[in-house]
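Each residue takes its place number in the sequence, starting with 1.
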Amino acid sequence: MPELRLNIATNDWVIIATERARRPHEFIKGNKEERHCPPFLATCPFCTGAEAEQTCKDIASIKDHEGNWLVRSVPNKFPALSFTGEPETIDKGVYHTMNGVGAHEVIIESPVHNLTTAHYRTSHLEKIIEMYKARYLDLSRDPRLAHIIIFKNHGEGAGTSLEHPHSQIVATPIVPTQVMGRLRSAREYHGKNGECVFCRMAAEELKAKKRIVAENAHFVTIEPYASFSPFHTWILPKKHRSSFGQIAKEEIKGLAAILKDILARFYYGVGDPDYNYCIRSSPLAEKEDEYFHWYIAIVPRISRPAGFEMGSGMFINTSLPEECARFLRDVALPSH
């Protein structure tokens with residue numbers, strides 16, 4: 001019989017369609033069309049050598065000891081929001097407008113055109129996360145901004161338009177509605193139970209072990225009990241921190257290792273699916289609260305929401321999170 005499962009962190013009900021459930025290996029994508037993807041592409045605006053042609057200077061960069069860049073942050077050429085101006089609002093009856101003030105940056109993750117996160121050295125992924133934190137902290141000082149999201153689109157099905165490995169940062173002058181809903185759920189749980197819902201979830205999953213994919217001293221990777229879709233994955237810090245900007249140096253090392261681990265399992269086990277990941281963090285005004293807990297959500301674009309999801313706001317998951325976790329744990333990874 002199908003199950004309705006409640007995600008206690010988001011208050012979303014999910015239908016686990018057990019009678020339609022597919023085994024994890026059935027989601028493996030066939031081999032992608034063979035094509036040559038070079039380490040350098042002359043027409044790519046993110047490759048080494050294209051810096052002089054770019055109209056915008058680096059916002060920040062991390063370089064090696066010889067002065068060559070390893071990771072760069074640049075303004076998005078086609079930003080969703082403008083960094084100039086003030087977030088003034090205009091209300092006319094039922095029509096509400098705000099100036100599109102904010103920030104939109106691109107994190108160019110590597111000079112090498114054909115790398116994926118699954119193939120980064122852990123030490124290089126640490127530098128990317130260091131850049132995430134540096135840009136997060138810098139933007140958080142801007143009083144015009146209310147919320148910051150860091151995300152990566154991998155593959156055409158996940159919305160990427162450029163093949164060169166990159167992430168993005170968008171800072172908004174308002175707190176998005178979805179974020180407000182999750183804050184409200186976390187606040188209500190804390191009010192009723194006197195503890196952080198994410199800390200409780202992590203503790204229960206570490207005890208049950210059924211849905212854990214990997215863990216280290218600082219993080220645990222899980223397939224949530226009420227996963228929204230096949231292989232929907234969360235990386236939870238073991239230490240309570242509401243803001244990503246609070247991540248410590250030793251935690252950056254742990255996050256790099258466990259993020260590479262799960263994305264390598266997707267690459268080798270699930271056929272390098274298109275995916276999105278995002279860092280979910282508290283609003284800038286609530287960066288040290290007791291009820292919210294920052295984490296990374298990774299969503300492989302294996303299934304597509306349809307009419308039921310659009311009409312109800314509920315998800316139908318045709319996989320069992322416990323089986324997906326077991327499948328990912330068993331993926332054989334290269335030793336290097």
Side-chain angles (χ1 to χ4, degrees), residues 5-10 12 14 24 117-118 120 122 125-126 128-129 132-133 150-152 182 185-186 189-190 193 195-270 275-282 289-300 317 319-333:
R5 292 187 180 185
L6 177 66
N7 185 316
I8 61 171
T10 67
D12 288 306
V14 177
T117 311
Y120 288 148
T122 304
L125 192 46
E126 288 175 27
I128 295 170
I129 297 170
Y132 287 171
K133 179 182 179 181
I150 301 170
F151 63 95
K152 180 181 177 72
R182 297 193 177 203
S185 296
Y189 184 92
H190 188 275
N193 300 281
E195 63 179 345
C196 164
V197 63
F198 298 94
C199 289
R200 170 51 55 190
M201 285 180 69
E204 292 297 330
E205 294 297 348
L206 285 166
K207 185 188 302 182
K209 300 189 181 301
K210 293 180 180 179
R211 288 168 291 274
I212 290 180
V213 179
E215 69 168 306
N216 59 30
H218 301 288
F219 295 89
V220 58
T221 301
I222 66 170
E223 304 295 296
Y225 175 73
S227 297
F228 301 144
S229 56
F231 295 105
H232 188 126
T233 302
W234 285 7
I235 299 177
L236 290 167
K238 290 183 176 179
K239 184 172 183 177
H240 180 83
R241 297 185 191 277
S242 57
S243 170
F244 170 72
Q246 299 168 320
I247 188 172
K249 186 174 182 178
E250 63 272 15
E251 290 174 311
I252 289 176
K253 291 180 178 292
L255 181 57
I258 208 160
L259 181 58
K260 175 181 169 64
D261 177 270
I262 186 59
L263 294 180
R265 293 178 189 279
F266 285 157
Y267 185 91
Y268 292 104
V270 194
Y275 64 80
N276 305 97
Y277 73 61
C278 68
I279 299 177
R280 293 191 174 274
S281 186
S282 60
D289 58 62
E290 297 179 344
Y291 54 85
F292 196 74
H293 192 120
W294 80 265
Y295 65 99
I296 296 182
I298 311 172
V299 183
N317 189 349
S319 67
L320 288 171
E322 295 79 8
E323 292 187 1
C324 287
R326 185 183 306 113
F327 178 87
L328 290 171
R329 286 197 302 269
D330 291 343
V331 171
L333 300 179

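Here the shortest heavy-atom pairing between Ala226 and Val14 reads O-CG2, 3.5 Å. For the pair Ala332 and Tyr268, the tightest heavy-atom approach, listed with the atom from each and the gap, is O-CB, 4.3 Å. Of all heavy-atom pairs spanning Ser319 and Asn317, the tightest one is OG-OD1, 2.8 Å. Between Cys196 and His190 the shortest heavy-atom distance is N-CD2, 3.9 Å.
Screening residues 222-231 for side-chain hydrogen bond (donor to acceptor under 3.5 Å, both in side chains), with sequence neighbours left out, gives Glu223-Thr233.
Contacts of Glu290 classified as salt bridge (Lys or Arg N to Asp or Glu O under 4.0 Å), with partners at least two apart in sequence or in another chain: none. Every residue was checked against the salt bridge (Lys or Arg N to Asp or Glu O under 4.0 Å) condition with Asp12, not counting sequence neighbours, and none meets it. Residues that satisfy the salt bridge (Lys or Arg N to Asp or Glu O under 4.0 Å) test with Arg241, not counting sequence neighbours, are Glu251. Under the side chain to side chain donor-acceptor pair (under 3.5 Å) criterion, Ser281 pairs with Tyr136, not counting sequence neighbours. Listed by chain and residue number, His124 satisfy the ring pair (Phe, Tyr, Trp, His ring centres under 6.0 Å) test with Tyr120 (two or more places apart in sequence, or in another chain). For Ala186, the side chain to side chain contact (heavy atoms under 4.5 Å, CB included) partners two or more places apart in sequence, or in a different chain, are Val197, Phe198, Tyr291, Phe292. Not counting sequence neighbours, the partners of Arg329 by the side chain to side chain contact (heavy atoms under 4.5 Å, CB included) test are Ala325, Arg326. The ring pair (Phe, Tyr, Trp, His ring centres under 6.0 Å) check on Phe327 picks up Phe231, with sequence neighbours excluded. Remark: Asp261 engages Arg265 in a side chain to side chain donor-acceptor pair (under 3.5 Å) (not counting sequence neighbours). Residues satisfying the side chain to side chain contact (heavy atoms under 4.5 Å, CB included) test with Lys133, not counting sequence neighbours, are Leu137, Phe244, Ile247, Ile252. Partners of Asn216 according to the side chain to side chain contact (heavy atoms under 4.5 Å, CB included) rule, which considers only residues two or more places apart in sequence or in another chain, are His218, Phe219, Ala257, Ile258.
Under 4.0 Å is where a charged nitrogen must lie from a carboxylate oxygen, and between Glu322 and Lys210 no such pair does.
In this structure, Ser242 contributes its side chain and Asp289 its backbone to a donor-acceptor pair below 3.5 Å.
Within 6.0 Å of NZ in Lys238 there are more than 12 heavy atoms belonging to other residues, nucleotides or ligands.
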